[in-house]
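Worth saying up front: this structure is predicted, and the values here are computed from it rather than measured.
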Amino acid sequence: MYNLRRLCKILPGVGYSRTRWMASQHKRRPHPGSLPPDRMDQLRSDIFERRQELSSAEWTEVRQSLVEGYKHINGHNVDAVILGVCSEPRQLPLAKNYVEFLRSRGSKPNAATLGRLLRVYNAAYHERPLSKEEQDEILQICRTLQAEHETLDANSCEHVIHGLVATDGEHWQGALSLLDMMKVTSTPTLAAYSALVEKAFCAEKSDQELSWRLLEEMATARKPPKCEVYLALLNRLAKETTQLPVQLRRLLEFLERYEILVSKRVAERLQELAQQVPHLLQANCTGLGPLGKCQSCQQHLQPVAISDEQFRRLSECFLERVLIRRDVFQRSTPEEVNRFKKYVEKTAPYDCVIDGLNVAYSTGTKKSPQQLAKLVATVVRHFRDQDKRVLVLGREHMRNWSKQAIHYVQSNASLFLTNNLSHDDPFLLYATLRSGRDTDFFSRDLMRSHAFHLGPELKPIFRRWQQEHQFSLVTQTQTGQIIVKEPIRHRLCVHEVAGTWHVPYCEVYTVHPTDSFEVPASWLCLKLKEPTPLETRGKAKS
């Protein structure tokens with residue numbers, strides 16, 4: 001039998017009196033199912049990773065130790081905690097052994113516990129084919145959970161989805177109703193969406209249109225699909241190469257439309273696919289020159305500039321959807337908005353609109369008013385030296401800053417000061433758009449919320465316009481000179497140039513990709529080729 005005394009060393013609260021924890025240690029209680037990393041790792045490595053089963057006495061000791069040792073663990077959630085620790089694919093036998101232990105002592109595993117077990121089955125499914133017996137066990141658990149609750153909560157829905165997609169046949173399609181059930185109370189999670197799309201792509205009877213519909217839902221909800229989703233499609237295309245030109249083009253257009261950056265894993269799979277079917281796909285790693293010239297095909301990437309019609313639509317919709325939204329008036333007034341609009345009508349057009357406070361505080365907030373004002377004046381001088389017409393937006397309290405610097409600003413630029421509670425960004429963007437297509441603005445703000453409120457149709461147009469026209473301050477040297485980050489004039493997302501696709505990629509997948517306009521270091525240069533009629537006929541015969 002395993003030496004139970006080791007548990008006393010690993011887990012607190014067993015066999016000795018505990019020092020009372022301070023209240024401050026419990027202001028942010030850990031989420032159920034999580035332990036301090038050191039204890040979690042030790043419990044996993046010293047007990048769970050070495051065994052495929054424990055005796056009833058050992059499981060009893062583990063449960064008691066956890067409940068007594070951690071205030072956030074109790075008799076209701078301890079089972080889910082244990083299965084959360086037994087979450088690796090190879091730990092499936094141990095996780096099943098624990099559930100059998102619960103049943104042997106007359107305890108009925110709750111929904112959270114069974115849901116965690118389904119996730120362990122799913123982890124094993126991604127490493128090896130599950131046996132028919134294991135798939136039957138999954139289906140039985142899913143039936144049990146759905147029979148006991150007419151409507152499952154969002155967490156249980158997600159667990160059952162992960163269970164169903166790990167089975168063969170058409171059982172996974174039952175997960176679609178669970179996805180709809182999640183939508184009643186919340187937006188389905190990234191994990192739930194990704195599991196279903198991946199299954200729809202790789203199932204024996206795949207449902208391509210379902211996959212694409214769910215992908216569109218994910219992207220619209222700002223949930224970038226996991227790498228496994230794209231890999232499932234590419235693996236499918238490796239087996240059904242006649243579909244490759246159409247489906248891969250559809251994928252590239254999707255990535256372009258939502259400006260999604262794929263990971264290195266996806267880029268490497270595309271290269272492998274090109275080696276498998278060189279008559280259909282050519283893929284080369286590449287980099288970009290300083291002006292956006294592809295080092296592989298020697299073509300310049302597409303300019304980021306939007307069309308006249310796109311700019312017109314963006315300008316017309318901005319006032320309605322952003323500037324006069326209710327939350328703007330919570331920090332401003334209709335009178336101030338009208339005063340600003342009249343001021344712009346009188347003094348526009350400008351070559352550059354500067355967010356004065358954003359500039360002032362961009363190199364640190366712990367500076368004197370004199371230093372803050374001097375920095376704003378330095379940025380104004382940067383554009384005035386280029387004979388640019390400048391508008392500076394600020395707040396009323398800036399009148400109390402350095403008289404000399406503010407006087408320079410007023411003498412060399414238009415200056416509009418809002419009340420001290422106003423929200424600057426909508427004013428900044430309105431003045432810039434109102435001045436015309438060639439006007440730039442100066443701010444370090446990424447404008448995420450304003451892009452979102454423009455909606456899915458105008459958001460990508462706004463982002464392209466923003467990339468082309470946004471200047472920002474990098475730093476100020478000790479001599480007082482400023483280093484300005486200028487806009488990048490070529491596109492930074494997937495797009496096609498003269499029949500060749502350029503695909504940027506990052507090292508690892510991230511749930512929240514940056515909104516900053518940085519040039520990706522790694523790119524693929526892809527060329528899709530249509531199969532010849534002879535190749536198509538040959539495939540049809542086979």
Side-chain angles (χ1 to χ4, degrees), residues 89 122-123 125-129 190-191 193-195 197-203 206 208 211-212 215 218-219 223-289 292-299 301 491-497 499-514 518-531:
N122 183 273
Y125 157 75
H126 280 89
E127 284 210 349
R128 61 172 176 83
L190 171 64
Y193 267 127
S194 293
V197 178
E198 180 185 351
K199 186 67 177 184
F201 272 134
C202 69
S206 64
Q208 302 284 334
S211 300
W212 288 110
L215 278 174
M218 293 179 71
K223 296 181 182 295
K226 293 185 176 181
C227 303
E228 287 74 15
V229 170
Y230 307 124
L231 294 173
L233 172 60
L234 297 179
N235 291 338
R236 184 90 191 189
L237 296 179
K239 300 174 184 176
E240 301 175 359
T241 55
T242 55
Q243 293 292 314
L244 188 144
V246 173
Q247 289 295 318
L248 190 51
R249 175 174 288 277
R250 190 171 185 178
L251 173 62
L252 295 170
E253 290 172 349
F254 170 81
L255 297 175
E256 177 183 13
R257 187 160 59 253
Y258 294 102
E259 299 187 350
I260 294 174
L261 199 65
V262 297
S263 71
K264 185 178 180 180
R265 290 174 60 196
V266 177
E268 289 174 344
R269 187 69 184 96
L270 282 167
Q271 289 177 280
E272 293 170 1
L273 201 55
Q275 292 173 357
Q276 177 187 335
V277 286
H279 59 291
L280 295 177
L281 178 65
Q282 178 183 330
N284 297 312
C285 285
T286 188
L288 300 181
K293 184 178 181 180
C294 174
Q295 295 174 354
S296 176
C297 67
Q298 301 302 308
Q299 296 186 96
L301 297 195
R491 298 189 68 182
L492 303 177
C493 65
V494 175
H495 66 280
E496 188 178 16
V497 179
T500 301
W501 286 88
H502 294 87
V503 182
Y505 63 92
C506 53
E507 279 297 311
V508 294
Y509 167 83
T510 175
V511 179
H512 302 294
T514 178
E518 302 294 339
V519 181
S522 304
W523 293 72
L524 282 183
C525 182
L526 295 181
K527 193 168 186 64
L528 290 171
K529 305 175 184 178
E530 293 294 333

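The distance from atom CG of L231 to atom CD of E268, rounded to the nearest 0.5 Å, is 10.0 Å. Note: N284 CG to K527 NZ = 11.5 Å, rounded to the nearest 0.5 Å. In this structure, Y193 OH and K223 NZ are separated by 8.0 Å, a value rounded to the nearest 0.5 Å. Of the inter-residue distances, the one linking T241 atom OG1 with H279 atom NE2 reads 5.5 Å to the nearest 0.5 angstrom. Distance check: H502 NE2 to L526 CG gives 9.0 Å after rounding to the nearest 0.5 Å. L233 contributes atom CG, which lies 7.5 Å from atom CG of L248 (distance to the nearest 0.5 angstrom).
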Donor-acceptor pairs under 3.5 Å, side chain of residues 252-262 to any protein atom, not counting sequence neighbours: which ones?
| unit_1 | atom_1 | unit_2 | atom_2 | d |
| --- | --- | --- | --- | --- |
| E256 | OE2 | R491 | NH1 | 2.9 |
| R257 | NH2 | E216 | OE2 | 2.4 |
| Y258 | OH | E216 | OE1 | 2.4 |

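Between the side chain of H495 and the backbone N or O of C493, at least one donor-acceptor pair lies under 3.5 Å. Between the side chain of T286 and the backbone N or O of S296, at least one donor-acceptor pair lies under 3.5 Å.
Heavy atoms from other residues, nucleotides or ligands lying under 6.0 Å from CD of Q298 number more than 12. Surrounding NZ of K264 are at most 12 heavy atoms belonging to other residues, nucleotides or ligands under 6.0 Å away. More than 12 heavy atoms of other residues, nucleotides or ligands shown are found within 6.0 angstrom of NE2 on H126.
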Q: Determine, stepwise, if the pair E496 / R249 fulfils salt bridge (Lys or Arg N to Asp or Glu O under 4.0 Å).
A: CA-CA 10 Å; E496 188 178 16; R249 175 174 288 277; 3.3 Å; yes
Q.
Set out, in order, the CA-CA distance, both residues' side-chain angles and the distance that settles side chain to side chain contact (heavy atoms under 4.5 Å, CB included) for L273 and L244, then state yes or no.
A. CA-CA 10 Å; L273 201 55; L244 188 144; 3.6 Å; yes
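W523 pairs by the ring-ring contact (aromatic ring centres under 6.0 Å, His included) definition with nothing, not counting sequence neighbours.
Annotation: side chain of V266 is not in contact with side chain of Y505 (no heavy-atom distance under 4.5 Å). Contact of the S194 side chain with the E228 side chain is not registered, since no non-hydrogen atoms from C-beta on lie closer than 4.5 Å. Side-chain contact check for V197 versus S211: some heavy-atom pair is nearer than 4.5 Å. F201 is listed as a side-chain neighbour of L215, based on a closest heavy-atom distance under 4.5 Å. Between L281 and Q276, the closest side-chain pair of non-hydrogen atoms is not below 4.5 Å.
Nearest heavy atom pair, residue C294 against residue L288, reads CA-CD2, 4.1 Å. The minimum heavy-atom distance linking T500 with C525 is given by the pair CG2-SG, 3.4 Å. Taking both residues in full, the closest heavy atoms of P245 and L528 are given as O-CD1, 4.1 Å, listed atom of the first, atom of the second, then distance. Across all non-hydrogen atoms, the minimal contact from Q208 to Q247 is OE1-OE1, 3.4 Å. Here the shortest heavy-atom pairing between Y509 and C227 reads CB-SG, 3.4 Å. P225 approaches M218 most closely through the heavy-atom pair CA-CE, 3.5 Å.
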